[in-house]
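Following: one structure in structure tokens, then a few remarks.
These figures come from a predicted structure and were not determined experimentally.
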Amino acid sequence: MSRVSAEEVTGQQHQPVSLVRVLKDPDREPDKRPLDFAIIRRLIGYMQPHATKRNWLITCVLLRCVQLPLVAWSIGAVINGPISRGAPLWQLAAAGMAVLLLGLWTQVTFHFRYRLALELGEAVIHDLRNEVFAHLQAMPMSYFNRTKIGRVISRVTSDCEAMRIGVQDVLFVSMVGAGQMLVASLFMLYYDVVLFLVIVAMAPVLWGINLMFRSRLSLAYRQMQESFSRVTGTIAESVAGIRVTQGFAREKKNAQLFQDLVTDHAEFNMFAAKTSGAFVPLLELNSQVFVAALLLLGGYRALSPSVQMPIGDLIQFFFLANIFFSPIQILGNQYNQALTAMAGAERVFALLDSPPTWSDSPNAVALPRLEGRVEFQDVQFAYEPERPVLHDISFRVEPGQTVALVGETGSGKSSMMNLLARFYLPQQGRILLDGYDIRDITADSLTDQLAIVLQNNFLFTGTVLDNIRISRPDAPESDIHQTLAQLDCADLVNGLPKGLQTEVGERGGKLSLGQRQLICFARALLADPRLLILDEATSAVDTITEARLQHALQRLLAGRTSFVVAHRLSTIRNADLVLVLDNGRIIQRGSHRELIAQPGRYAELCQAFDGV
């Protein structure tokens, strides 16, 4: 594995490394974007609900723009006035008190400017994050299938955080800095036009140096972050996969890969340190050159009989010049942060502007209480237009019947269930529920009468009780106990350390696979659905537990139209209808008894089922 040296950091992107291979991310998103005033206006629009706070903040910003040059001017005025004239002590004391009160007023304003900016930034991002999350909840399943989970999370976390910095720091700090420079310029222009032209000539030089080094430092710091992320990610991966590592004797090889990562990270750190070490002294050198130029020219103008610039004016000019130049480095840093905020805002607004692939039609109606009649009519479906996964699917199911879907992996079983649950819509054909086209009904009225138990038994962080109640948040605990008793698994839940109050851990990690599946069954039964989908729902349950569940499942299925995707014969033999799929087509249909008695794909598949 080759490494990228720190000297090459500005010309080459470093490739992430895992303990297996070098990783490439062709979809890596840009860290920065040019300033876009349409995006800025839109972001400012999120301040409208907090107009009172925003207006007070703008007032504080305007005050700060005037106060900072005014403090510098007042100090020079005291030197140029009472001190240079040898005024009485009481006048000097009064002048000093006036400067002190002005400084105190400046700090009070700064306190509220800073506080209001933080509060406004938090308020805007609070609203924005809620809007992004609500929009994500409304996005169809196809969006999550084609979008990396890390990218989804970054919209709500890092991208919104970059926008927060743009609101509370970049926008208002830049306004203060620019206003401070403008007011200081007016003061300096009043005192001496020639010296002011020297300031104007020096400013672009300092700005250019600052911009050049900030750009290099920004890239270096980003590379440091990325390399550190690779280090921490590799540590997490190595701990999670320690059994594989030791099982295949990969300790030395992995240690070498990790050493390369740490070496790269150290080189990036050194490059950042060298760049910063050159930047700060160069700024100081230019400041000293500027001071020397002002001293020479200002001294000449003060001593020249033809000009006779007062010494006090020269002193005031120096104070004001310092106020003028002090924001330059800050503005350069704010500019880099603004570009980062632009990239985050562009991605967040692109998500908010992308409507769901489909939603309830304007004329959608709410489903009445379903009897459970389901019909597929010439349904065709593709996740990608050029690769159809279902072809001409047609069948009819009467209320209360159980349909088993059988076929090899990739034959289209789960795709059919995705269509029935309306996670997707078919490109052609119709799916009817009691005669209602699934396109013409509201999503809520369907989900209220539908329950799904998947192969991947997902549990949310919380208690067992919380996870069962997901299907009916208002269900009393007595109903939960009744549901568990009906499933004949109450003893398995009661045997947990705290019963229903047992914490399941992240993704249910504190429970066994069988216990997680039982909770998912209870969650589905508690919903009392008219349509039930079991997508390989007993795959994680051992044979003994499954035997206990069979009688309960019969009661669960009774009176409900059910679709069962399974690889176990015990969950198929009692189905009213078995559909055999191959490459997205139904190639056989009938009962288990009918299909097992005839040669064909079903008989062949049954040879691979457990129990045969």
- Message: Checking Val132 against Arg129 for the side chain to side chain contact (heavy atoms under 4.5 Å, CB included) test, could you report, in this order, the C-alpha distance in whole Å, the side-chain angles of both residues, the deciding distance, and whether it holds?
- Response: CA-CA 5 Å; Val132 171; Arg129 277 184 171 146; 5.7 Å; no

- Message: Please check this pair: side chain of Asp466 against backbone of Gly462, looking for a donor-acceptor N/O pair closer than 3.5 Å.
- Response: no

- side chain to side chain contact (heavy atoms under 4.5 Å, CB included) between Asn467 and Ile470: does it pass, once the steps are laid out? CA-CA 5 Å; Asn467 276 276; Ile470 284 175; 4.0 Å; yes

- Heavy-atom nearest pair, Asp444 first then Thr447, reads O-OG1, 3.1 Å

- Does the side chain to side chain contact (heavy atoms under 4.5 Å, CB included) test come out yes or no for Leu57 and Phe112, once each step is laid out? CA-CA 8 Å; Leu57 176 56; Phe112 284 103; over 6 Å; no

- Message: I'd like to check His111 versus Arg115 (side-chain heavy atoms, cut-off strictly below 4.5 Å). Are they in contact?
- Response: yes

- Query: When rounded to the nearest 0.5 angstrom, what distance separates CG in Leu100 from CE in Met97?
  - Reply: 5.5 Å

- Residues Asp260 and Thr263: side-chain donor-acceptor under 3.5 angstrom: no

- Message: Here's a test for you: under salt bridge (Lys or Arg N to Asp or Glu O under 4.0 Å), which of Arg113, Lys53, Arg54 qualifies with Glu119?
- Response: Lys53

- Query: Is any side-chain heavy atom of Glu122 closer than 4.5 Å to a side-chain heavy atom of His50?
  - Reply: no

- Hey, could you give me the CE/CG distance between Met181 and Leu186, rounded to the nearest 0.5 Å? 12.0 Å

- Query: With side chains defined as the heavy atoms from C-beta onward, is the minimum distance between Leu120 and Phe172 less than 4.5 Å?
  - Reply: yes

- Item | Shortest non-hydrogen contact from Leu102 toward Ser74 | CD2-OG, 3.6 Å

- Could you grab the distance from atom CD1 of Ile125 to atom SG of Cys160, nearest 0.5 Å is fine? 5.5 Å

- Message: In the structure I gave you, are the side-chain heavy atoms of Leu182 and Cys65 within less than 4.5 Å of one another anywhere?
- Response: no

- Item | Check: Leu352 and Arg42 side chains under 4.5 Å, non-hydrogen atoms | yes

- Taking it one step at a time, do Met342 and Glu346 satisfy side chain to side chain contact (heavy atoms under 4.5 Å, CB included)? CA-CA 6 Å; Met342 281 295 102; Glu346 184 180 60; over 6 Å; no

- Message: So Leu70 and Thr106, do their side chains get closer than 4.5 Å, heavy atoms only?
- Response: no

- Item | Gap between atom CG of Leu197 and atom CG of Leu189 - 0.5 Å precision | 8.0 Å

- Message: With a 3.5 Å distance limit and no angle check, can you tell me whether Gln180 reaches the backbone of Pro327 through a side-chain donor-acceptor pair?
- Response: no

- Task: State the CG-OG1 distance between Leu68 and Thr109, to the nearest 0.5 angstrom.
- Result: 9.5 Å

- Item | Smallest separation among heavy atoms of Trp105 and Leu63, with atom names | CZ2-CD2, 3.9 Å

- Item | Atom CZ of Phe318 with >12 non-hydrogen neighbours under 6.0 angstrom | yes

- Between the side chains of Tyr383 and Asn418, is a donor N or O closer than 3.5 angstrom to an acceptor N or O? yes

- Looking at side-chain heavy atoms only, is the closest gap between Arg347 and Arg155 below 4.5 Å? yes

- Contact summary for Pro69 and Ala184, nearest pair of heavy atoms: CG-N, 3.9 Å

- In terms of ring plane angle, is the pair Phe196 and Phe324 parallel, tilted or perpendicular, where the classes change at 30° and 60°? perpendicular

- How long is the span from the CG atom in Asp159 to the CG atom in Leu351, to the nearest 0.5 Å? 9.5 Å

- Message: For the backbone of Thr461 and the side chain of Glu503, can you confirm whether one donor and one acceptor N or O come within less than 3.5 Å of each other?
- Response: no

- Item | Name of the residue among Leu128, Asn130, Val124 meeting side chain to side chain contact (heavy atoms under 4.5 Å, CB included) with His126 | Asn130

- Message: Quick check: do Leu171 and Met47 have side-chain heavy atoms less than 4.5 Å from each other?
- Response: yes

- Closest heavy-atom contact between Leu116 and Cys60? CD1-SG, 4.2 Å

- In terms of side-chain heavy atoms, does Tyr46 have a donor or acceptor partner in Glu131 at a distance below 3.5 Å? yes

